[in-house]
S.K.: 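After the C-alpha cells below, expect a handful of questions from me.
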Amino acid sequence: MKFLSSLRIRLYPLIGRIRFKKLQGSITLLSLFIFFVFCSLGMGMLLMSQIYSKISAYKKDTILLNYASENGIKQGYSFLIDKISGQASPILLSNLEMETLKEDTLQGGTLIIEKLVGMEIPLYMTSSWKWMSWESQTKWALDHMEIEEKSFQAEFAVFIESKGTLKYFKHIKTSTLNLEMKIFSGYLPLARFSFLLDQDLTPEQKLDFSALNPVEFMPSAENKLPLQISYSGDNILPQTAVPQIEKALRINLFQPQSLSVSQLRQALGLEPTEEPIPEGVYLIQDDFGLGGIYVQGDCDELILAIEGDFQVLSFTIGDRVWILKFSLNPQNTQFITPEETQFFDDI
C-alpha cells in the first residue's frame with residue numbers, strides 16, 4: 001500500500017509537467033500557423049490590389065481610346081456633311097463638263113466627288129484633346145452607275161476610317177463608318193430638288209428671301225444631308241415643256257406656230273390659202289380619226305363639265321359658243337358649232 005501511495009505521489013508531478021509541455025508547444029504552433037495564414041492573405045490581397053489597379057487603368061485607357069477613335073469618326077462625318085452642304089446647290093455644269101465627269105466616273109475616277117466637296121480627296125482630318133489624339137480619312141469607291149440620255153446617276157460607297165491614340169498608351173484603336181452617296185448630274189427632273197428658286201439672286205437677296213419666306217423641311221430618314229432652298233444662279237428651267245412632254249408620252253405634239261398659214265389652214269380642213277384663219281374653234285381630224293382642238297382668237301370663257309357619261313368642253317368667243325362632248329363608253333363624240341352639230345363614233 002505504501003508503494004502504491006508513493007507511486008501516485010511521484011506520478012502526479014510528472015503528469016502535470018508533461019501536460020504543461022504539450023499545451024505550451026500547441027500554442028506556439030498555432031500562433032505560427034495563424035501568422036502564416038494572415039501573411040498569405042495579406043500578400044494575396046496586396047497582389048490582387050495591384051492586379052485590379054492595372055486592370056482598372058487598362059480599362060480606363062481602353063475606354064478613352066474608344067472615345068478618341070469615335071471622335072475621329074464623328075469629326076470626319078461632320079466635316080463631310082459641312083463641305084457638301086456648304087456648296088451652292090445645284091452646281092451648274094456645261095455639257096462638256098458633264099461629259100468629262102461622266103467619262104471620269106466610268107473609269108473609276110473621283111473628279112465628280114472633288115467637284116462636289118470643293119477640294120481634293122481623300123479627306124484627312126486630325127485633332128487632339130489633352131492626351132487623346134485622333135485622325136480620320138474619308139475615301140470613295142464607285143458602286144453603281146446609271147446613264148440616261150442627258151444625265152447620269154452615280155452611287156458611291158463612302159468609307160470613313162479613324163485611328164485613335166493615347167499619349168502614354170501604345171495601342172491604337174481603329175473604327176470605320178460605311179456610308180452610301182448618290183450623285184445626280186445632267187438635266188435633272190424637278191423632283192430631285194426639295195425647293196428650287198430659278199432666279200439669279202445676290203447673297204443679300206437670298207438672305208432677304210429666306211427671312212421673308214420661312215420654309216420648313218421635313219427631315220428625311222434616307223437623306224442625311226439637311227434640306228435647304230436651292231438657288232440656280234441662272235435660268236436653268238426650259239422655257240417650254242414640249243420636248244419633255246413628247247419624250248414622256250412618246251408622241252410628237254402638234255405645234256401650230258411652226259406651220260405656215262396655208263399649212264395650218266389645210267390641217268384645220270380649210271382651203272390652203274394665205275388668208276388669215278377666221279376666229280373660232282376647230283376640231284382637228286385626219287385619216288386616223290380626231291386629233292384635238294384648235295382655238296383661233298381669244299377665248300372669253302372655257303367651261304369643263306360632266307354630263308352623264310360625257311365629258312363636256314364649252315368655248316365662248318364673243319357671242320358664239322362651241323361645245324365638245326365625248327364619251328369613252330360607248331365611244332361617242334359630238335361637236336356642236338354655231339352652224340351645225342357633228343357626230344363621230346370615235347374620240
Side-chain angles (χ1 to χ4, degrees), residues 61-148 151-186 188 192-194 219-228 230 233:
D61 291 338
T62 302
I63 294 175
L64 293 177
L65 195 63
N66 290 333
Y67 287 161
S69 180
E70 291 179 3
N71 286 343
I73 292 292
K74 294 177 181 178
Q75 191 170 17
Y77 177 78
S78 178
F79 181 74
L80 175 61
I81 296 297
D82 291 341
K83 292 300 294 184
I84 297 177
S85 302
Q87 295 292 327
S89 177
I91 301 175
L92 300 183
L93 302 173
S94 64
N95 292 330
L96 179 59
E97 288 177 319
M98 190 195 73
E99 290 297 328
T100 302
L101 293 178
K102 182 173 69 174
E103 293 299 327
D104 179 76
T105 305
L106 282 172
Q107 297 175 6
T110 56
L111 287 179
I112 192 171
I113 303 295
E114 295 179 356
K115 185 73 173 179
L116 180 64
V117 299
M119 59 186 304
E120 295 182 356
I121 62 172
L123 302 180
Y124 292 97
M125 289 289 299
T126 59
S127 186
S128 62
W129 182 76
K130 291 186 176 181
W131 56 84
M132 295 189 302
S133 60
W134 55 85
E135 61 180 22
S136 65
Q137 179 180 1
T138 306
K139 300 179 181 179
W140 282 261
L142 180 64
D143 183 46
H144 180 67
M145 190 170 180
E146 297 180 2
I147 302 177
E148 301 292 340
S151 64
F152 68 91
Q153 171 184 329
E155 298 183 12
F156 290 89
V158 186
F159 307 97
I160 301 179
E161 299 178 354
S162 172
K163 294 181 179 180
T165 58
L166 298 180
K167 187 175 181 180
Y168 301 107
F169 200 54
K170 64 180 180 179
H171 297 281
I172 299 176
K173 175 63 176 179
T174 301
S175 300
T176 304
L177 177 64
N178 298 333
L179 304 172
E180 294 181 359
M181 177 182 291
K182 295 181 180 180
I183 301 179
F184 304 92
S185 180
L188 305 179
R192 295 296 184 188
F193 300 94
S194 55
S220 173
E222 296 181 357
N223 189 5
K224 300 304 180 181
L225 291 175
L227 301 179
Q228 56 185 347
S230 300

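Just so you know, these numbers come straight off a predicted model, no measurement behind them. Numbers for residues simply follow the sequence, beginning at 1.
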S.K.: For Thr165 versus Ser133, what's the shortest heavy-atom pair and its separation?
M.R.: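 Scanning both residues completely, I find the closest heavy atoms to be OG1-OG, 2.6 Å.
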
S.K.: Report the residues that fulfil side chain to side chain donor-acceptor pair (under 3.5 Å) with Thr110, sequence neighbours left out, ordered by chain and then residue number.
M.R.: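 With sequence neighbours excluded, Thr110 shows a side chain to side chain donor-acceptor pair (under 3.5 Å) to no residue whatsoever.
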
S.K.: About how many Å separate CD1 of Ile121 and CG of Leu111, when rounded to the nearest 0.5 Å?
M.R.: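 One gets 8.5 Å once the value is rounded to the nearest 0.5 Å.
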
S.K.: Work out which heavy atom in Val158 is nearest to a heavy atom in Met181; give both atom names and the distance.
M.R.: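 So the two residues come closest at CG2-CB, 3.9 Å.
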
S.K.: How long is the gap from CD on Glu70 to OG on Ser136, to the nearest 0.5 Å?
M.R.: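 It is 13.5 Å, given to the nearest 0.5 Å.
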
S.K.: Mind checking the CG-CG spacing from Leu106 to Leu101? Nearest 0.5 Å is all I need.
M.R.: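 Leu106 atom CG to Leu101 atom CG measures 11.0 Å (nearest 0.5 Å).
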
S.K.: With sequence neighbours left out, which residue pairs that include part of residues 93-111 fulfil the salt bridge (charged side-chain N to carboxylate O under 4.0 Å, His left out) condition?
M.R.: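 Sorted result for residues 93-111: Glu99-Lys102.
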
S.K.: For a quick test of reading the model, state the closest non-hydrogen atom pair linking Ile160 to Gly76 and the distance between them.
M.R.: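 Minimum heavy-atom separation between Ile160 and Gly76: CD1-C, 4.1 Å.
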
S.K.: Apply side chain to side chain contact (heavy atoms under 4.5 Å, CB included) to residues Ile183 and Ile113 and explain how you reach the verdict.
M.R.: CA-CA 9 Å; Ile183 301 179; Ile113 303 295; 3.4 Å; yes

S.K.: Is there a side chain to side chain contact (heavy atoms under 4.5 Å, CB included) between Ser185 and Leu93 once you walk through the steps?
M.R.: CA-CA 9 Å; Ser185 180; Leu93 302 173; 3.5 Å; yes

S.K.: Looking only at non-hydrogen atoms, find the nearest pair between Ser162 and Ser69 and report the distance.
M.R.: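 Looking at all heavy atoms of both residues, the shortest contact is OG-O, 2.8 Å.
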
S.K.: Does the side chain of Gln153 reach to within under 4.5 Å of the side chain of Lys182, using non-hydrogen atoms?
M.R.: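 A side-chain contact exists here, since the closest heavy-atom pair is under 4.5 Å.
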
S.K.: Please report the shortest heavy-atom distance between Phe152 and Met98, naming the atom on each side.
M.R.: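 Closest pair (atom of Phe152, atom of Met98, distance): CE2-O, 3.9 Å.
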
S.K.: Heavy-atom distance under 4.5 Å between the side chains of Gln137 and Leu123, does that happen here?
M.R.: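 Side-chain contact under 4.5 Å: no.
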
S.K.: If we only count heavy atoms from C-beta on, is the Leu64 to Trp131 side-chain gap below 4.5 Å?
M.R.: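 In short, these two side chains touch, coming nearer than 4.5 Å.
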
S.K.: When rounded to the nearest 0.5 angstrom, what is the spacing between OH in Tyr124 and CE in Met119?
M.R.: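 Between Tyr124 OH and Met119 CE, I get 11.0 Å after rounding to 0.5 Å.
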
S.K.: Where the side chain of Ser78 meets the backbone of Lys74, is there a donor-acceptor pair that is under 3.5 Å apart?
M.R.: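 No: the side chain of Ser78 does not pair with the backbone of Lys74.
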
S.K.: Say you draw a straight line from NZ of Lys163 to OG1 of Thr174; how long is it, rounded to the nearest 0.5 Å?
M.R.: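 So the gap between those two atoms works out to 5.5 Å.
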
S.K.: Mind checking whether Trp129 and Trp134 have side chains closer than 4.5 Å, heavy atoms only?
M.R.: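 They are in contact (side-chain heavy atoms under 4.5 Å apart), so the answer is yes.
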
S.K.: Between NE2 of His171 and CG of Leu65, what distance do you get to the nearest 0.5 Å?
M.R.: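 Going from the NE2 atom of His171 to the CG atom of Leu65 covers 8.5 Å.
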
S.K.: For Thr138 and Phe79, what are the C-alpha separation, side-chain angles and deciding distance, and is it a side chain to side chain contact (heavy atoms under 4.5 Å, CB included)?
M.R.: CA-CA 10 Å; Thr138 306; Phe79 181 74; over 6 Å; no

S.K.: For Phe156 and Ile112, work out which heavy atoms get closest and say how close.
M.R.: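 Minimum heavy-atom contact is CZ-CG2, 3.9 Å.
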
S.K.: Heavy-atom distance under 4.5 Å between the side chains of Asp143 and Glu180, does that happen here?
M.R.: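 When only atoms from C-beta onward are counted, Glu180 and Asp143 do not touch, as no gap falls below 4.5 Å.
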
S.K.: I'd like to know whether Leu179 forms a side chain to side chain contact (heavy atoms under 4.5 Å, CB included) with Tyr77, so could you lay out the CA-CA distance, the side-chain angles of the two residues, the decisive distance to 0.1 Å, and finally the verdict.
M.R.: CA-CA 10 Å; Leu179 304 172; Tyr77 177 78; 3.8 Å; yes

